[in-house]
Student: 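Just dropping this structure here.
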Amino acid sequence: MKEAEIIIIGGGLSGTSTALNLSKKGYSVLVIEKEITENIKPCAGGMASSMTKYLPLDIEKAIESKIRNVEFRWEASDNVKADLSGESPFWIVKREKLDQLLLEEALKNGIELVSPAKVEKIIKENDKWIINCNNNHQYKSELLVIADGSQSKWAGHFNLGPRKPKFANTIALRIKGSGFIPKDTVRFEFGFVKNGFAWAFPLKESVNIGIGTFINNRRLGDEKTNHRILKSFGFNDLSYKATKRKLRIWNGFHKLNGDKVLVVGDAASLCDPFLAEGIRPSLLSSFYAAESIDQCLSGKADNLNEYTTNLNKKWSQSMVWGARIAQVFYRFPKTGYELGVKRKTAPKRIAQILSGEMTYEDIAKRVIKRLLIKNNT
Ligand SMILES: Cc1cc2nc3c(=O)[nH]c(=O)nc-3n(C[C@H](O)[C@H](O)[C@H](O)COP(=O)(O)OP(=O)(O)OC[C@H]3O[C@@H](n4cnc5c(N)ncnc54)[C@H](O)[C@@H]3O)c2cc1C
């Protein structure tokens with residue numbers, strides 16, 4: 001039976017980045033991934049450049065566009081623009097390339113990848129995890145990282161994250177050409193999608209388009225609406241191949257670690273419930289997972305509790321406000337658009353959230369402060 005200090009279930013963004021962080025610290029790591037390759041990852045690739053501080057490698061090769069403007073539209077009209085050329089820019093990365101870079105670097109650092117192999121059963125024996133896969137092999141480890149994404153089977157098995165996860169329904173497509181989307185601009189399209197929005201993020205030779213609904217588990221897939229959205233982004237060839245995905249979104253403070261086990265990325269329900277941002281929490285959770293595992297395995301900590309504490313502080317505290325904003329915004333989208341986008345400073349604030357310069361919590365505190373001052377005068 002093959003043995004490693006840490007086994008990671010899932011070789012997506014959070015699995016490979018956790019593997020890389022741990023391999024840099026000198027641990028033996030085995031990643032188990034059920035798929036061989038996925039040609040196009042259903043992810044628009046929008047990423048705050050400030051996140052590179054959580055990545056121990058240069059990802060320049062994966063960056064396809066550096067964004068300077070954010071555009072907002074209501075049913076294809078009403079052009080609202082925000083400048084995004086601040087201190088920390090927003091990038092569009094090709095997710096397949098980013099994941100590949102991370103994996104290659106982790107493999108160079110000595111991690112092992114078992115693929116294709118699906119984890120089917122996990123038991124604990126003599127304080128070690130025994131993992132059974134559908135390739136009829138067993139693997140053994142001291143610590144376990146759950147990184148099996150939004151369809152996670154194992155987070156619930158270990159009672160990690162919300163007992164009843166919340167999902168956004170999404171559609172992803174990549175279309176050749178650029179349509180009406182300039183290379184340095186991302187566009188958000190409101191009004192066409194009930195309880196959600198559509199987005200267009202430019203790559204070098206194509207555009208990543210996403211459509212998502214964020215509350216009430218509202219379904220997508222009405223062809224007529226999708227065609228209107230594509231036309232609004234400047235595409236007339238409607239013979240696209242779309243991928244539907246359910247995306248776990250943030251849904252409260254929950255325990256993200258157990259005894260020698262923790263959960264990272266989408267499996268931990270960390271995705272921003274307002275803007276579907278999942279790359280940032282994947283990289284954050286992978287970074288703090290590796291820190292806590294290191295503390296635990298080197299004897300500096302008795303358990304992995306610090307991991308949950310860090311994620312609550314560094315991410316969930318802001319997501320509380322993201323979830324509140326989403327509930328109001330997507331329930332009353334026209335009012336949300338008028339107040340949240342059309343207000344003079346609003347587009348700039350959304351741009352600052354995307355680039356990581358501000359959090360939802362910062363914005364909420366500013367609004368509360370403004371209201372208090374107004375009420376006292
Ligand atoms: C349409 C769409 C657009 C998006 N756009 C953006 C964006 O622009 N910016 C942004 O920040 N975020 C975006 N996101 C979110 C982002 O893609 C995710 O948050 C990110 O992919 C999470 O990575 P992960 O590694 O946690 O999960 P995944 O990438 O889903 O990886 C999980 C891996 O686990 C494997 N696995 C599952 N079960 C098993 C098993 N039993 N055994 C072995 N392996 C298993 C899977 O095959 C998979 O490779 C978008 C998401 C969607 C759906």
Side-chain angles (χ1 to χ4, degrees), residues 7-19 30-38 40-48 51 64-65 67 90-96 98-99 102-103 113-122 131-135 139 144-155 157 161 167-174 186 188 196-203 207-214 220 242-250 263-286 289 353-354 356:
I7 285 182
I8 301 177
I9 305 175
L13 178 66
S14 36
T16 49
S17 48
T18 308
L30 191 136
V31 175
I32 303 174
E33 168 56 51
K34 72 177 166 67
E35 311 283 348
I36 301 179
T37 50
E38 208 172 352
I40 293 183
K41 291 244 172 195
C43 174
M47 170 184 168
M51 279 302 101
E64 296 256 321
S65 314
I67 300 302
F90 187 64
W91 292 335
I92 310 301
V93 295
K94 204 175 223 175
R95 262 296 302 279
E96 306 84 82
L98 177 64
D99 292 15
L102 287 163
L103 181 62
L113 172 69
V114 178
S115 175
K118 184 176 178 189
V119 173
E120 293 200 317
K121 195 172 160 204
I122 304 173
I131 287 121
N132 292 273
C133 291
N134 66 349
N135 60 356
Y139 305 93
L144 188 60
V145 175
I146 313 291
D148 55 351
S150 274
Q151 309 313 314
S152 180
K153 167 179 172 185
W154 296 107
H157 176 86
F167 291 91
N169 288 313
T170 69
I171 293 179
L173 36 134
R174 183 173 293 168
V186 290
F188 293 97
F197 69 105
W199 57 96
F201 288 7
L203 297 170
V207 178
N208 276 336
I209 291 176
I211 305 172
T213 62
F214 292 81
L220 284 163
T243 310
K244 284 189 182 177
R245 279 292 149 90
K246 273 187 170 288
L247 185 66
R248 272 183 203 220
I249 48 176
W250 189 88
V263 59
V264 291
D266 280 5
S269 289
L270 295 174
C271 251
D272 174 346
F274 183 50
L275 292 172
E277 208 191 339
I279 294 178
R280 189 183 338 197
S282 290
L283 297 180
L284 260 179
S285 56
S286 303
I353 286 179
L354 286 174

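Quick note: numbers below take in every heavy atom, side chains included, and nothing from hydrogens, waters or symmetry partners. We count ligands from 1, going down the list as the structure has it; atoms in each ligand are counted the same way.
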Student: For atom 36 (N) of ligand 1, state which one of K41, Q151, K34 supplies the nearest heavy atom.
Tutor: K34
Student: Any heavy-atom pair between the side chains of D266 and S14 that's under 4.5 Å?
Tutor: no
Student: Are E96 and R174 within salt-bridge range, i.e. N to O under 4.0 Å?
Tutor: yes
Student: Could you check whether any side-chain heavy atom of I122 comes within less than 4.5 Å of a side-chain heavy atom of L144, counting everything from C-beta outward?
Tutor: yes
Student: What do we get for D266 next to ligand 1 when only non-hydrogen atoms under 4.0 Å count, side chain, backbone, both or neither?
Tutor: both
Student: Could you pull out, from A276, A267, A242, the option with a heavy atom nearest to atom 15 (C) of ligand 1?
Tutor: A276
Student: Mark up the atoms of ligand 1 that fall under 4.0 Å of a heavy atom belonging to F201, in ascending order.
Tutor: 8 (O)
Student: Using heavy atoms and a 4.0 Å limit, tell me yes or no: is K153 in contact with ligand 1?
Tutor: no
Student: State which residues pass side chain to side chain donor-acceptor pair (under 3.5 Å) with S286; sequence neighbours excluded, sorted by chain then number.
Tutor: S17, T18
Student: Which one of E35, R280, E33 has a non-hydrogen atom at the shortest distance from atom 49 (O) of ligand 1?
Tutor: E33
Student: Please examine the side chains of K34 and V119, heavy atoms only from C-beta on, and report whether any two atoms are closer than 4.5 Å.
Tutor: no
Student: L270 versus S282: any side-chain heavy-atom pair under 4.5 Å?
Tutor: no
Student: What I'd like to find out is whether the side chain of I211 reaches to under 4.5 Å of the side chain of W199, using heavy atoms alone.
Tutor: no
Student: Among all residues two or more places apart in sequence or in another chain, which pass the side chain to side chain donor-acceptor pair (under 3.5 Å) test with E277?
Tutor: R280
Student: Find all atoms of ligand 1 within a distance of less than 4.0 Å from any non-hydrogen atom belonging to G265, and give their numbers and elements.
Tutor: 26 (O)
Student: Less than 4.0 angstrom from a charged side-chain N to a carboxylate O is my criterion; do D148 and K153 meet it?
Tutor: no
Student: Main chain of N135, side chain of E120: is a donor-acceptor contact present, judged purely on distance under 3.5 Å?
Tutor: no
Student: Can you list the atoms of ligand 1 that are under 4.0 Å from a heavy atom of I32?
Tutor: 43 (C), 44 (N)
Student: How are the rings of W154 and H157 set to each other: parallel, tilted or perpendicular (split at 30° and 60°)?
Tutor: perpendicular
Student: Are any of the side-chain heavy atoms of Y139 and L30 separated by less than 4.5 Å?
Tutor: yes
Student: Heavy-atom contacts with G149 under 4.0 Å: which atoms of ligand 1 show up? List them by number with element.
Tutor: 27 (O), 30 (O), 32 (C)
Student: Side chain, backbone, both or neither: which part of S14 comes within less than 4.0 Å of ligand 1 when only heavy atoms are counted?
Tutor: both
Student: Near A172, which atoms of ligand 1 are under 4.0 Å from a heavy atom of that residue?
Tutor: 1 (C)
Student: Any atom of ligand 1 sitting under 4.0 Å from a heavy atom of G210?
Tutor: no
Student: Kindly say whether G265 contributes a backbone atom to a donor-acceptor pair with the side chain of S285 at under 3.5 angstrom?
Tutor: yes
Student: Using a 3.5 Å distance criterion without hydrogens, assess whether the side chain of S150 forms a donor-acceptor pair with backbone atoms of R248.
Tutor: yes
Student: Please check whether I279 reaches ligand 1 - meaning an N/O of the residue sits under 3.5 Å from an N/O of the ligand, judged on distance alone.
Tutor: yes
Student: Ligand 1 and I171, any nitrogen or oxygen pair closer than 3.5 angstrom?
Tutor: no
Student: Using a 3.5 Å cut-off on N or O atoms only, is L13 in polar contact with ligand 1?
Tutor: yes
Student: Does any N or O of ligand 1 fall below 3.5 Å from an N or O anywhere on V119, backbone included?
Tutor: yes
Student: Taking 4.0 angstrom as the limit and counting only heavy atoms of C271, give me the atoms of ligand 1 inside it, by number and element.
Tutor: 19 (O)
Student: Which atoms from ligand 1 have a heavy atom of T170 less than 4.0 Å away?
Tutor: 1 (C), 53 (C)
Student: Say whether A44, considering both its backbone and side-chain N or O atoms, lies within less than 3.5 Å of an N or O atom on ligand 1.
Tutor: yes
Student: Does at least one non-hydrogen atom of A117 fall below 4.0 angstrom from an atom of ligand 1?
Tutor: yes
Student: Please state which part of A147 comes within less than 4.0 Å of ligand 1, counting heavy atoms only: side chain, backbone, both or neither.
Tutor: backbone
Student: Any non-hydrogen atom of R95 lying under 4.0 Å from ligand 1?
Tutor: yes
Student: What do you reckon, does G278 have a nitrogen or oxygen under 3.5 Å from a nitrogen or oxygen of ligand 1?
Tutor: yes
